Amino acid sequence: EVQVVESGGGLVQPGGSLRLSCAASGFTFSNYWMHWVRQAPGKGLVWVTRINTDGSSTSYADSVKGRFTISRDNAKDTLYLQMNSLRAEDTAVYHCARQSGDYYYYNMDVWGKGTTVTVSS
Amino acid sequence: DIQMTQSPSSLSASVGDRVTITCRASQSITTYLNWYQQKPGKAPKLLIYIASNLQSGVPSRFSGSGSGTDFTLTISSLQPEDFATYYCQQSYTTPWTFGQGTKVEIK
């Protein structure tokens, strides 16, 4: 079964750090670009960041640039999100998603259920 | 950033109704438009890609149309399992952006 499963969420104080993981299975992880998308409580989906197949190219939302770092370990079929200098507004469920599509017509076709990050003192 | 605006934000409908959700982009995105369905506590699910292409396994009662700045998701005959929140999303340029969502509720 093709799936991605997130882990690593939890309660962290403002200014703290957290590292999320996303374990992929059922597909050749190294062939796919990957994304993180978050959803604050009761709110909509917000794209956070993406990474290409070998990790050489990344892109971030302005709201997390300089604080979050996306990376991947293709040998372990795992995607990561290192989150530093966390703020209350980073509180959300964080989903990882697989990018699919061709010729720039991309979408996110496999999603995880997410892991919850709560930033509070 | 490209702003995506959905309407309505919520709607009430009955089983068997035809439902239409609109998504407008702040600039032309040709057909770089996807639709997702999300149920409470669940992962989003891809329904439609490139504005009008049905994702594998998605029932044919779902359809998408549009190009440029104006797009539509239609459910031809609403079923009980379709009560959910629907999001449009552009992949024309980063940052990828989503509409605010349309919650489809039971009437």
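From a predicted model like this one, the values you see are computed outputs, not experimental measurements. Just so we're on the same page: letters track the sequence lines, and every chain starts at 1.
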Side-chain heavy-atom pair A:Gln99, B:Trp96 within 4.5 angstrom cut-off: yes
Approximate separation, where rounding is to 0.5 Å, of B:Ser91 OG and A:His35 NE2: 9.0 Å
Side-chain heavy-atom pair A:Trp47, B:Gln89 within 4.5 angstrom cut-off: no
CD-CZ distance between A:Gln39 and B:Phe98, expressed to the nearest 0.5 angstrom: 9.5 Å
Hydrophobic cluster membership, A:Ile51 vs A:Leu18, 4.5 Å side-chain cutoff: yes
Contacting moiety of B:Thr31, where chain A heavy atoms sit under 4.5 Å: both
Gap between atom OG1 of B:Thr30 and atom OH of A:Tyr105 - 0.5 Å precision: 4.5 Å
Shared hydrophobic cluster, B:Tyr86 / B:Ile29 (ILVMFWY, side-chain heavy atoms < 4.5 Å): yes
Proximal component of A:Val37, with respect to chain B [non-hydrogen, under 4.5 Å]: side chain
B:Arg24 atom CZ, over 12 foreign heavy atoms within 6.0 Å: no
Joint hydrophobic cluster, A:Val93 plus A:Tyr80, side-chain heavy atoms closer than 4.5 Å: no
Over 12 non-hydrogen atoms of neighbours within 6.0 angstrom of OH in B:Tyr92: no
Toward chain A: residues of residues 32-57 of chain B with heavy atoms under 4.5 Å: B:Tyr32, B:Asn34, B:Tyr36, B:Gln38, B:Lys42, B:Ala43, B:Pro44, B:Leu46, B:Tyr49, B:Ile50, B:Gln55
